[in-house]
Asks: 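Please find one structure pasted underneath; my questions will follow.
So that the names make sense, note that chain A is the first sequence line, chain B the second, and so on, each numbered from 1.
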Protein chains: 2
Amino acid sequence: MEADYEVIIVGCGPAGLAAGLYAARSGLKVLLLGNEAAGGYMRGIEKVENYPGFPDGVSGAKLGLEMMKQAMKYGLQFKLAKVEEIELKNDYKIIKATLIKAGETEEVSYVTKTVIMAGGAHPKKLGVPGENEFAGKGVSYCGVCDAPQFTERVVAVAGGGDAGLTEALYLTRLASEIIIIELMPQLTASKILQDRVFANPKIKTCCGTRVEAITGDDQVRELDLFDVSTSEKTKLPVGGVLVRIGLEPNTSYLEGLLPLDSEGYVLVNEELATSIPGIFAAGDIRHGSARQIATAVGDGVTAALSADRLINLKY
Amino acid sequence: MEADYEVIIVGCGPAGLAAGLYAARSGLKVLLLGNEAAGGYMRGIEKVENYPGFPDGVSGAKLGLEMMKQAMKYGLQFKLAKVEEIELKNDYKIIKATLIKAGETEEVSYVTKTVIMAGGAHPKKLGVPGENEFAGKGVSYCGVCDAPQFTERVVAVAGGGDAGLTEALYLTRLASEIIIIELMPQLTASKILQDRVFANPKIKTCCGTRVEAITGDDQVRELDLFDVSTSEKTKLPVGGVLVRIGLEPNTSYLEGLLPLDSEGYVLVNEELATSIPGIFAAGDIRHGSARQIATAVGDGVTAALSADRLINLKY
């Protein structure tokens, strides 16, 4: 069997791009398959303040492009594609994917010695009535992406962690009022974000509260809320709701192939190897990641070095 | 017992600076103790090409300063100091250190809830006769730091890994000729660096060879070499030797306090916690690190988030 590539990386967020940079610099023949533009979920972050090296912050979209440019300089190839399936054959892996080109698609399959899974995670849904119905009509999972539709509206942000508060602060520029709704008795975000939220007159917080339904007509009009401690039910008139209650790994197509934890994250060892020789996982997709840009980047580097060692030993 | 700090970070390389950024952004009272300027060993790297986000490369010294600036913006405090000892007292740690101020020193001790060990590693010595005698007289462990003394000289670089080849390439601008000496039968550096070395007419390589002694008069004049496969002994006339044969962790003062591996690296779990609650380790100092700037940065972030979680749970 002849391999088309020595490494195929699935995912073009910070983990995939860092892995691509290192694999390319090691002189490996490496292809990166991503189903969106460089940066992955990072593209939706208006200003990244916590990636070390950028004291004035940097837009997530720009950081993604810079990382891609750097990796391509050393020979990384990139194709816009959705990976559908991974098949094992002897010591090789066959990646089946749908290439996306200017409105057309093409089914392809590539043979590779190693794979680095860096497909990240996507925002969890609330799972309440009305959520799917009003998607794109006031229900959003990315404030920066969908900001214009919130202009001069009262917007609820479901989720009191770092992601929710970051989005809430961002929305203060457009929305007329923001209400952060958190199920736990208090916000869980880092203190610096909480301080900024409490100092902002446009933001209110509402903890110990569950969203039970989203209602409206041609767009979102109201949320049904439930107070966890008093069991009181109320209705909150809103013009939109942004859901940031956590992440779910993009691993549904890997069930049965790779060992996953109970939430679907890929299980790995210290070298980021899965139990299948030649398959590695890096970034938000793996169990135990701190889910930050900096940790995803570190993971990408570790996985690429591990893949390189395996290729030198085995092929 | 009253803590002076919630987190004390030991070491001002990329791991320590990333930990400082995250701990400060979390609103923790955090002090960074470093025995050199921001960046640690990174300061000696002329051009960092493999830290994701800088497609044109960035000097290690500049990257260190940018990371420090970013962390201080959120409240990180920094003191130039050498940490001498860590004592445990109930749930607190007492850090004994020597502060370094404009030529004077002062013994201090700080009480802290948690400690992040990010003291990195230093270059290993060859351990051969003449090495200590000629230190600073042609024997060097940092090409960028000591470059001028190699001008127009024949220089041996001991070590055929990434660090050795990077230094050899850097020295081509000043030295008249460079001979890379590697004990293994071939170079172990990444392919891109090997390609550059083989393409450079100023550099020769000499693999399967051991340096047995360094001799000279007021400065280095010759190396005694031993060919591992033929057992032949030869003498190589040189004007200097740069030693880059690997790293040793800066953990000698931690023996008996923390569990270390056989090479002295700190043992940690997935959250980068040591077996002593409240002591974490990040970057090159810990067992299993890939020892890259990007992985050190990822570690610093992970350790700071782990420390933050522990503080919220326990204190």
Asks: Got a sec, which residues hit side chain to side chain contact (heavy atoms under 4.5 Å, CB included) with A:Leu310, two or more places apart in sequence or on another chain?
Replies: A:Thr114, A:Phe280, A:Lys314
Asks: Between the side chain of A:Asp284 and the main-chain N/O of A:Gly120, is any donor-acceptor distance below 3.5 Å?
Replies: no
Asks: If you count heavy-atom pairs under 4.5 Å between each of A:Gly298, A:Ala294, A:Pro52, A:Ala290 and chain B, which one has the most?
Replies: A:Pro52
Asks: Please rank B:Met72, B:Glu270, B:His287, B:Glu49 by heavy-atom pairs under 4.5 Å with chain A and give me the top one.
Replies: B:Glu49
Asks: Is chain B contacted by the side chain of A:Leu17, its backbone, both, or neither, given a heavy-atom distance below 4.5 Å?
Replies: neither
Asks: Using a cut-off of under 4.5 Å on heavy-atom pairs, state which of B:Ala189, B:Pro55, B:Ser26 scores highest against chain A.
Replies: B:Pro55
Asks: At a heavy-atom separation under 4.5 Å, does A:Gln194 approach chain B through its side chain, its backbone, both, or neither?
Replies: neither
Asks: With side-chain hydrogen bond (donor to acceptor under 3.5 Å, both in side chains) as the rule and sequence neighbours excluded, what pairs involving residues 29-39 of chain A come up?
Replies: A:Glu36-A:Arg43
Asks: Could you look at A:Tyr51 and say if it's the side chain, the backbone, both or neither that has a heavy atom under 4.5 Å from chain B?
Replies: both
Asks: Which bit of A:Phe54 is near chain B, if near means a heavy-atom gap under 4.5 Å: side chain, backbone, both or neither?
Replies: both
Asks: So, A:Ser289 side chain and A:Arg286 main chain: donor-acceptor pair closer than 3.5 Å or not?
Replies: no
Asks: Quick one: do A:Leu272 and A:Asp299 satisfy side chain to side chain contact (heavy atoms under 4.5 Å, CB included)? Show the steps, please.
Replies: CA-CA 8 Å; A:Leu272 303 184; A:Asp299 267 16; 3.7 Å; yes
Asks: Please check if the side chain of B:Ser306 supplies one atom and the backbone of B:Glu271 the other of a donor-acceptor pair under 3.5 Å.
Replies: yes
Asks: Tell me, for A:Arg309 versus chain B, whether the close heavy atoms (under 4.5 Å) come from the side chain, the backbone, both or neither.
Replies: neither
Asks: What part of A:Asp56 gets closer than 4.5 Å to chain B, counting heavy atoms only: side chain, backbone, both or neither?
Replies: both
Asks: Examine distances only and state if a side-chain atom of A:Lys191 and a backbone atom of B:Leu28 form a donor-acceptor pair shorter than 3.5 Å.
Replies: no
Asks: Name all residues meeting the ring-ring contact (aromatic ring centres under 6.0 Å, His included) criterion together with B:Tyr5; count only those two or more places apart in sequence or in a different chain, and write none if there are none.
Replies: B:Tyr110
Asks: Do the side chains of A:Glu46 and A:Lys62 get close enough for a salt bridge, i.e. N-O under 4.0 angstrom?
Replies: no
Asks: Within residues 160-167 of chain A, which positions have a heavy-atom distance to chain B below 4.5 Å?
Replies: none
Asks: Nearest 0.5 angstrom please: A:Leu32 CG to A:Cys12 SG, how far?
Replies: 6.5 Å
